[in-house]
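Below you will find the structure I want to go over with you.
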Amino acid sequence: MENPTEQNVFAENLLSGKTAIVTGASRGIGAAIAHRLCEVGANVVICSRSTESINQTAKALKNDGYNTHAVVADISIKEDVESLVEQTVEQFSQIDILVNNAGITRDMLLMRLKDEDWEAVLQTNLTGTMYCTRAVLRPMIRQKSGRIINISSVIGLMGNPGQASYAAAKAGIIGLTKTTAKEVGTRGITVNAIAPGFITTDMTAKIPEEFQNKLLELIPLQNFGTPDDVADVVCFLASDAARYITGQTIQVDGGMVM
């Protein structure tokens, strides 16, 4: 089933003068978030482990006239994260928004799951999110404002066979979100999570049609989400309209999980 045409529903100057970091921004949901933040006026620093792909994304954004800067970084490595934050401050003098989107999967039934695969997923998806969050807190606390938006998943809410490591990491992100929100709320910083459902990307397009049809039966809205659906919620949470929302997990899943 086709999705409705996506369009930017926000004012072009919504985040004018703000600086955002988006991890895992070379494709899919991350690239859509970066593009949407640029559309509404933010300076956007994008990062990925892949030099080629992140530079391609940055080139496309710059060709559209947006102010962006690409950084090659592996968020599972603390030193890479520290460098990412340092380069952002050097480039734009401030950090107003962090979108923790980067993540990996190593799907396997638990009884066959290798220790190294479990550790890789937890290190990138959960520990990497913690590294990025911790690294931006100091500049955000100094300026007494900030928006941290963590991309979790409905899998972290409901579980899924063969995805023990991914589910554990995404559930952990929700716990990290709530705790961080309580720690920094008095500093003018909000921390929220988004739990996407089935979102159409290059990877999900490879799923057999028969299985996609079964998934549709679980979704009351009867269509799959798009990366722009997630990006729009990011823009809302990053804006002043969401100033009184923190510690929350917003599901973008068409009603799949209730």
Side-chain angles (χ1 to χ4, degrees), residues 8-48 54 57-62 64-73 75 80-103 128-129 131-152 173 177 180 184 187-194 196 227-243 245-246 250:
N8 182 15
V9 297
F10 297 99
E12 291 183 3
N13 62 351
L14 181 72
L15 298 176
S16 180
K18 303 292 186 181
T19 295
I21 295 174
V22 182
T23 68
S26 63
R27 60 178 182 167
I29 291 174
I33 291 170
H35 189 269
R36 187 66 96 227
L37 290 172
C38 283
E39 282 186 321
V40 296
N43 306 313
V44 180
V45 174
I46 56 176
C47 85
S48 169
I54 199 65
T57 302
K59 182 179 179 181
L61 290 170
K62 289 178 180 178
D64 286 339
Y66 298 129
N67 199 7
T68 189
H69 179 68
V71 176
V72 178
I75 66 160
D80 276 20
V81 171
E82 292 170 349
S83 177
L84 168 65
V85 170
E86 288 171 3
Q87 290 186 59
T88 302
V89 173
E90 288 174 4
Q91 188 77 18
F92 296 114
S93 302
Q94 64 193 57
I95 301 172
D96 303 289
I97 302 156
L98 167 66
V99 183
N100 283 308
N101 171 73
T129 295
Y131 284 158
C132 293
T133 299
R134 187 173 63 185
V136 303
L137 285 181
R138 185 166 281 107
M140 285 185 176
I141 287 171
R142 277 199 302 266
Q143 65 198 26
K144 298 180 180 179
S145 67
R147 299 282 189 268
I148 298 173
I149 302 159
N150 299 322
I151 306 300
S152 180
I173 286 174
T177 297
T180 310
V184 300
R187 306 303 185 99
I189 302 168
T190 66
V191 189
N192 292 288
I194 297 173
D228 282 331
D229 290 322
V230 180
D232 284 341
V233 179
V234 169
C235 278
F236 167 67
L237 290 174
S239 74
D240 289 340
R243 68 169 192 84
I245 300 173
T246 196
I250 298 177

With sequence neighbours excluded, what pairs up with S145 under the side-chain hydrogen bond (donor to acceptor under 3.5 Å, both in side chains) test?
none
Using the side-chain hydrogen bond (donor to acceptor under 3.5 Å, both in side chains) criterion, which residues pair with T246? Sequence neighbours excluded.
none
Partner residues of N13 under the side chain to side chain contact (heavy atoms under 4.5 Å, CB included) criterion, sequence neighbours left out
A11, S16
Between N150 and T177: side-chain donor-acceptor atoms closer than 3.5 Å
yes
Heavy atoms, side chains only, cut-off 4.5 Å: are I148 and L137 in contact?
yes
Got a second to check how far T68's OG1 is from H35's NE2, nearest 0.5 Å?
10.5 Å
Please report the closest heavy-atom contact between T190 and R147, naming both atoms and the distance.
OG1-CD, 2.9 Å
Are L37 and C235 packed together at the side-chain level, in the sense that at least one heavy-atom pair is separated by less than 4.5 angstrom?
yes
Non-hydrogen atoms of N100 and C132 that approach each other most closely:
OD1-CB, 3.1 Å
Apply side chain to side chain contact (heavy atoms under 4.5 Å, CB included) to S152 and list each qualifying residue two or more places apart in sequence or on a separate chain.
K170, I173, I174
Return a table of donor-acceptor pairs under 3.5 angstrom between the side chains of residues 81-88 and protein atoms on other chains or two or more places apart.
{"from": "S83", "atom 1": "OG", "to": "Q87", "atom 2": "NE2", "distance (Å)": "3.0"}
{"from": "T88", "atom 1": "OG1", "to": "L84", "atom 2": "O", "distance (Å)": "2.8"}

Can you sort out the partners of D80 under side-chain hydrogen bond (donor to acceptor under 3.5 Å, both in side chains), two or more places apart, ordered by chain and number?
none
